[in-house]
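Residues: numbered from 1 along the sequence shown.
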Amino acid sequence: MFRHLRSNVFALATLLALAVLTCAQVRAQTTPTGAAPAATAKAIFAGGCFWCVESDFDKIPGVISTTSGYTGGRTANPSYEQVSGDITGHAEAVEVVYDPAKVSYQRLVDYFWHTIDPTVKDQQFCDIGSPYRTAIYAQNAEQLKIAQASRAALEKSKPFKGPIVTEITLASAFYPAEEYHQDYYQKNPIRYKYYRTSCGRDARLKKLWGDQAGR
């Protein structure tokens, strides 16, 4: 019996090996040798709680990934406790990796405005303090120019009276936050929804932007 069992296992292993070989051959035929990966770009936005910013940007077609983290401060590799305690000068922020062929930086900036309250300094909704300030951290001169032009245009067309106080500056070092913060809205959907609702984020966005909120 055991001899037959070993024979069957060997036969199955042989079939699996042939299947793997066949898949490899198909990939070799469909993937050009030495083909370069699709070009990507990065953008960094601070919009208060990075759980919410991640959730918002993950909805945009062309966004490849989002990473919660810290930027704009004085200390290397800060911890959440240090940042939230306003010890290091960092802001909670999200690094967005995107495909420029599918979504432009201009589109990301325009979308960002409609997901924040740009009229308050060092605060977003129920979170108060400089770690929750709003900011656009440009990766280069081109992004800086686009962001500044977007803010200037918004000053003329905004549907609210308050001035826009969101900072726009060149990016400094970005430090990914602790793993438990990454994709928090997916890992803890009930807690996330409770936080977002009780913090009044969407209610305030609706009041500021009307039907354009989150778009």
Notebook entry, point to check: Do Thr197 and Lys193 pass the side-chain contact (heavy atoms from CB on, under 4.5 Å) test, and can you show the C-alpha distance, the side-chain angles, and the key distance before you say yes or no?
Noted result: CA-CA 6 Å; Thr197 301; Lys193 185 174 182 180; 4.2 Å; yes

Next item on the list: Show your working on disulfide bond (SG atoms under 2.5 Å apart) between Cys199 and Cys126 and close with a plain yes or no.
Entry: CA-CA 5 Å; Cys199 200; Cys126 66; 1.9 Å; yes

Checklist line | Test log, rule side-chain contact (heavy atoms from CB on, under 4.5 Å), inputs Ser104 and Tyr98 | finding: CA-CA 8 Å; Ser104 67; Tyr98 64 98; over 6 Å; no

Margin query: Walk me through whether Arg151 and Trp113 qualify under side-chain contact (heavy atoms from CB on, under 4.5 Å).
Written below: CA-CA 9 Å; Arg151 182 174 60 185; Trp113 290 122; 3.7 Å; yes

Next item on the list: Please lay out, stage by stage, how Val94 and Ile44 fare under the test side-chain contact (heavy atoms from CB on, under 4.5 Å).
Entry: CA-CA 6 Å; Val94 170; Ile44 298 177; over 6 Å; no

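Using a 4.0 Å cut-off between a side-chain N of Lys or Arg and a carboxylate O of Asp or Glu, Arg215 and Asp110 do not qualify as a salt bridge. Of the charged side-chain nitrogens involved, none lies within less than 4.0 Å of a carboxylate oxygen, so that Lys207 and Asp117 do not count as a salt-bridged pair. Salt-bridge check for Glu179 with Lys187: passed, with a basic side-chain N closer than 4.0 Å to an acidic carboxylate O.
A distance-only check finds no donor-acceptor pair linking the side chain of Ser55 to the backbone of Trp51 [under 3.5 Å]. Using a distance-only test at 3.5 Å, with no hydrogens or angles considered, no donor-acceptor pair links the side chain of Glu155 to the main chain of Ala152. Between the side chain of Ser150 and the backbone N or O of Ile146, no donor-acceptor pair lies under 3.5 Å. Using a distance-only test at 3.5 Å, with no hydrogens or angles considered, no donor-acceptor pair links the side chain of Arg74 to the main chain of His90. No donor-acceptor distance shorter than 3.5 angstrom exists from the side chain of Glu92 to the backbone of Ala46, with no hydrogens or angles considered.
For Lys158, the NZ atom sits in a packed shell: over 12 heavy atoms of surrounding residues, nucleotides or ligands are nearer than 6.0 Å. Heavy atoms from other residues, nucleotides or ligands lying under 6.0 Å from OH of Tyr180 number more than 12. Residue Glu81 qualifies as enclosed at atom CD: its count of foreign heavy atoms under 6.0 Å is above 12.
Residues Ala177 and Tyr70 come closest through the heavy atom pair CB-OH, 3.5 Å. Of all the heavy atoms in Ser68 and Phe174, the pair that sits closest is C-CZ, 3.9 Å. The heavy-atom pair separating Ala93 from Thr71 by the smallest distance is CB-CG2, 3.8 Å. In terms of heavy atoms, Gly47 sits closest to Ile116 at CA-CG2, 3.8 Å. Shortest non-hydrogen contact noted between Glu54 and Gln182 is OE2-OE1, 3.5 Å. Contact record, Cys52 with Tyr192: CA-OH, 3.5 Å, taken as the closest heavy-atom pair.
Defined by atom type and a distance below 3.5 Å, a donor-acceptor pair is missing between the side-chain atoms of Ser130 and Asp122. For the residue pair Asp99/Thr40, the side-chain donor-acceptor check at 3.5 Å is not satisfied. Side-chain contact check for Tyr195 and Asp127: at least one donor-acceptor pair (N or O, by modelled atom type) lies under 3.5 Å. Side chains of Thr88 and Thr75: a donor-acceptor N/O pair is absent below 3.5 angstrom, by distance only.
Ring geometry for Tyr111 versus Phe57: interplanar angle over 60°, hence perpendicular rather than tilted (30 to 60°).
In this structure, NZ on Lys59 lies 9.5 Å from OG1 on Thr115, to the nearest 0.5 angstrom. The OH atom of Tyr105 sits 14.0 Å away from the NZ atom of Lys42 when rounded to the nearest 0.5 Å.
In this structure, Phe112 has its ring center closer than 6.0 angstrom to the ring center of Phe45.
Note on Val53: it clusters hydrophobically with Val63, by side-chain heavy-atom contacts below 4.5 Å among ILVMFWY residues. Criterion: ILVMFWY side-chain heavy atoms under 4.5 Å apart, direct or through other members. Under it, Val165 and Phe160 are not part of a common hydrophobic cluster. In terms of hydrophobic clustering, with Ile, Leu, Val, Met, Phe, Trp and Tyr side chains grouped at heavy-atom distances under 4.5 Å, Leu208 and Leu154 are assigned to a common cluster. Taken together through direct or relayed side-chain contacts under 4.5 Å among Ile, Leu, Val, Met, Phe, Trp and Tyr, Ile164 and Leu144 form part of one hydrophobic cluster. Neither Tyr175 nor Tyr137 shares a network with the other; the hydrophobic side chains, linked directly or stepwise wherever heavy atoms of I, L, V, M, F, W or Y lie under 4.5 Å apart, form separate groups for each.
When each of Asp183, Asp58, Asp56 is tested with Thr66 by the rule side chain to side chain donor-acceptor pair (under 3.5 Å), just one qualifies, namely Asp58.
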